[in-house]
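Atoms considered below: every heavy atom in the structure, side chains included; atoms not considered: hydrogens, waters and symmetry mates. Indexing begins at 1, ligand by ligand and atom by atom, following the structure's order.
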Amino acid sequence: MAKTIKDYLKKGEAEKFAIGQFNFSDFAQMKAIVQAGQVLNSPVILGTSEGESAFFGLEEAVALRNVLRKRTGMPIFLNLDHGKSFEYLKKAIDAGYDMVHFDGSKLSLEENIKITKEVVKYAHKKGVTVEGEVGKIGNDASRLYLEKFEIIEENLTKPEDAERFVKETGVDLLAVSIGNFHGIEISGIDPNLRLDVLKNIKEKVGKMPLVLHGGSGTPEDDIRGAIALGIVKININTELRLTFSGNLRKTLAADLENIVPYKYLVPPMEASEHLVEYKIRLFTNLK
Ligand code: 13P
């Protein structure tokens, strides 16, 4: 039987590697991500936020995931990233997404637990995996470079909250706030993660697979350290957006007569594929 995302997460937990979630909002990006997974024979998680999926179409994303799975024979999973409402997550589940992430980080812990529980109940009936979130990861995902990012102690996941959340909700994965954030610091390298906090969370939640959001710009030693301490899924968006858009701009500027999408989309796709390959190598300790 085909392996599920949960099988891969379990393997990651046991063998100390992480699976990358790479966000997309266009088929050129989607193909590039899958191509990288195929080259390295690695599973990939394709991520769409509410905005990305609204642009692409939930059913379109599922249909094209199916086409790419069939054509490549690769384990390709589709995740609805940062769903803010149960209603939207229901739509993704009904459309055929493999996983959904409920982001209740702006709610009180009680309210977050309450809605996450409802999502878990609905999703599990349909065999869909659920990621929950405790703590405030911070910063709007639409911002690329942040002037200066400061880690605010209060926003970090409290180990006892994580323990309670996991016990009461029945989630399959937990996203944590350990100094990670969406976007990249202006210097290009984000402040160091609080691996001490991650260690304390892990001790409280046992085998629960942990997720690192805001993977762009994170120092590589921190990524390795986080994987060693139980992170099994890492999300990357900003670096992919920068790579795709930067290469597209350069390609179009270099030849003003190039009006052919299947030609000018090739350099951004190749650059995106190389970036995803680089990240998969980092996350899986491949040389
Ligand atoms: P970055 O944009 O920092 O890579 O974060 C992506 C992410 O966490 C999506 O959920």
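Side-chain atoms of E50 come within 3.5 Å of backbone atoms of K84 as a donor-acceptor pair (strictly under, hydrogens ignored).
Residue D81 holds the heavy atom nearest to atom 9 (C) of ligand 1 of all those in N23, N237, D81, I234.
Checked for salt-bridge contact, D196 and K199 miss the test: no charged N lies under 4.0 Å from a carboxylate O. Salt-bridge check for R164 with E110: passed, with a basic side-chain N closer than 4.0 Å to an acidic carboxylate O.
For ligand 1, one of its N or O atoms has an N or O atom of G214 under 3.5 Å away. Ligand 1 has no nitrogen or oxygen under 3.5 angstrom from a nitrogen or oxygen of E239. In terms of N/O distances under 3.5 Å, ligand 1 is not approached by Q21.
Per-residue contacts place F181 under 4.0 angstrom from the following atoms of ligand 1 (heavy atoms of the residue considered): 3 (O). Near G183, meaning under 4.0 Å from any of its heavy atoms, are these atoms of ligand 1: 1 (P), 2 (O), 3 (O). Near I236, with a cut-off below 4.0 Å to any heavy atom, the atoms of ligand 1 are 4 (O). Listed by number with element, the atoms of ligand 1 under 4.0 Å from a non-hydrogen atom of H213 are 8 (O), 10 (O).
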**OP:** Give the intermediate values and the outcome of salt bridge (Lys or Arg N to Asp or Glu O under 4.0 Å) for residues E118 and K121.
**Re:** CA-CA 5 Å; E118 287 174 32; K121 199 168 152 209; over 6 Å; no
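Here H82 has side-chain heavy atoms under 4.0 Å from ligand 1, and that is the only part of it that gets that close.
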